[in-house]
Number of protein chains: 2
Amino acid sequence: MALRRRRNRSPAPPPSCPLLACTSLIGGAWAPNVIWYLSGGPRRFTELKADIPPITPRVLSKRLRELEKAGVIDRRVLPTSPPSVDYELTALGRELLPAIQAIVDVGTRLTATGASPMASQKR
Amino acid sequence: MALRRRRNRSPAPPPSCPLLACTSLIGGAWAPNVIWYLSGGPRRFTELKADIPPITPRVLSKRLRELEKAGVIDRRVLPTSPPSVDYELTALGRELLPAIQAIVDVGTRLTATGASPMASQKR
DNA sequence: TCCTCCGGTATCCGATCGGATACCGCAAAG
DNA sequence: CTTTGCGGTATCCGATCGGATACCGGAGGA
C-alpha cells in the first residue's frame with residue numbers, strides 16, 4: 001500500500017496572538033491564584049502573600065505588575081498612615097474568571113482520565 | 001487616618017491543580033496551534049510542520065508526545081509503505097476547543113485595550 | 001545507483017523563569 | 001529607643017524551555 005498524498009486543506013490560521021496574550025498572563029506562576037483571591041474583593045500585598053503562603057514577594061510583585069500593566073487589576077494607594085496599597089480586579093479582570101473556569105473544567109477532565117502525571121503538588 | 005485592619009475572609013482556595021494541568025498543556029510553545037490544526041482532521045508530522053513553519057521538529061515532537069500522554073491526541077501508525085503517522089484529536093481533545101476559544105475571547109479584549117505590549121510577533 | 005521524503009532524535013546554547021535569601025525606608029506602637 | 005509591620009527591591013542561583021543545527025534508517029522513485 002503506497003503512501004497516499006494528502007490534498008485536503010488545513011483550516012485557516014488560528015488567532016494566535018490573543019491566545020498568547022491571555023496564556024502568558026494566566027500562565028505565570030500563581031497568577032490564577034492571585035486573580036482568584038482578588039475575586040473576593042480588594043486585597044493588599046501582604047494579604048495576598050498570606051493567602052498564598054508559598055509565593056515569594058518577588059514573584060508576587062512581578063505578577064501584580066504584569067496584571068496591572070495588562071489592565072486586569074487596579075493598584076490603588078490609600079491615604080492611610082502609613083500608606084497602604086489595594087489591588088482590585090478591574091471589569092476586564094473579572095472577564096477572565098469565566099475563561100479560567102473553562103480551563104478548570106477541561107483540566108478536571110484531563111486529570112480525571114489519569115493520563116497526566118498530576119497530583120504532584122509541585123509549583 | 002489609621003491603617004485599619006482587614007477582617008474580611010478570603011474566598012476558598014482555588015482549584016489550582018486542574019488549572020495547572022490545562023495551562024501546562026496549552027501554555028507550551030505552539031501547542032494551541034497544533035490543536036487548532038488538528039481540529040481540521042487527522043494530520044501527519046510533516047503536514048503539521050508545514051502548517052506551522054517556524055516550529056522546529058524537536059519542539060513539534062515534544063508537543064505531540066505531551067498531548068498524546070495527556071490523552072488529548074491519538075497517534076496512529078498507518079500500514080502504508082513507508083509507514084506514516086497520523087495525529088488526531090481525541091474526544092477529550094475536542095473538549096479543549098471551547099476553553100481555547102474562551103481564552104481567545106478574553107485575549108482579544110486584553111489586546112483591544114492596548115494595555116499589553118502584544119503585536120510583537122514573538123514566539 | 002543515487003536522491004529524496006518521512007518521522008523523528010541528538011546536541012548545544014542562550015534566555016527566561018521562579019525559588020531563596022537578604023535587605024530597605026518609613027511610620028507607628030510599646 | 002527599639003521593635004514591628006508594610007510594601008516591596010536586590011542579588012544569586014539552578015532548572016527548564018525553546019531555537020538552531022545536524023543527523024539518522026528505511027523505502028520509493030529517477
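Protein chains get the first letters and strands the later ones, always in sequence-line order, with residue 1 at the start of each.
When each of A:Leu25, A:Ile73, A:Leu97 is tested with A:Ile35 by the rule side chain to side chain contact (heavy atoms under 4.5 Å, CB included), just one qualifies, namely A:Leu97.
With C:dT9, D:dC6, D:dG18 as the candidates, the nucleotide lying closest to the side chain of A:Thr46 is D:dC6. Listed candidates were D:dG7, D:dG8, C:dG19. Nearest to the side chain of A:Arg58 is C:dG19. Taking the side chain of B:Ser84 as heavy atoms from C-beta on, and the options C:dG7, D:dG19, D:dG18, the nearest nucleotide is C:dG7. Nearest to the side-chain atoms of B:Phe45 among the listed nucleotides D:dT9, D:dG18, C:dG8 stands C:dG8. In the set D:dG7, C:dA20, C:dG8, C:dG8 carries the atom at the smallest distance from any side-chain atom of B:Tyr87. When distances run from any side-chain atom of A:Pro57 to the nucleotides C:dA22, C:dG19, D:dC17, the shortest one goes to C:dA22. If you check C:dG7, D:dG18, C:dG18 against the side chain of A:Arg63, the one that comes closest is C:dG18. The side chain of B:Ser61 lies closest to C:dG8 when the candidates are C:dG8, C:dC6, D:dG18.
B:Glu66 and B:Arg63 are joined by a salt bridge, as a carboxylate oxygen and a charged side-chain nitrogen come within less than 4.0 angstrom of each other.
When rounded to the nearest whole Å, the span between NZ of B:Lys62 and C1' of C:dG8 equals 16 Å. Taking atom CG of residue A:Leu64 and atom P of nucleotide D:dC6, one finds them 15 Å apart after rounding to whole Å. Between B:Asp86 atom CG and C:dG8 atom P the separation is 11 Å, expressed in whole Å. As a whole-Å value, the separation of B:Arg76 CZ from C:dC6 C1' is 17 Å. Atoms CG (B:Leu20) and P (C:dC17) sit 17 Å apart, rounded to a whole Å. The distance between atom CG of B:Leu60 and atom C1' of C:dC6, rounded to the nearest whole Å, is 13 Å. Look at CG on A:Leu48: it is 10 Å from P on D:dG7, rounded to the nearest Å. Rounded to whole angstrom, the span from the CG atom of A:Leu78 across to the P atom of C:dA27 amounts to 17 Å.
Map A:Glu66 and B:Val85 each onto its nearest nucleotide of DNA chain C; the residue landing nearer the 5' end is B:Val85.
Dashed line: the shortest gap from a side-chain N or O of A:Arg43 to OP1 or OP2 of D:dG7 is not under 4.0 Å.
When heavy atoms are screened at a 4.0 angstrom cut-off, B:Lys49 is found touching no nucleic acid atom at all.
With a 4.5 Å cut-off on side-chain heavy atoms, A:Leu89 and A:Val72 count as touching. With a 4.5 Å cut-off on side-chain heavy atoms, A:Glu88 and A:Leu38 do not count as touching.
Separation of atoms SG (B:Cys22) and CZ (A:Arg109) is listed at 11.0 Å; rounding is to 0.5 Å.
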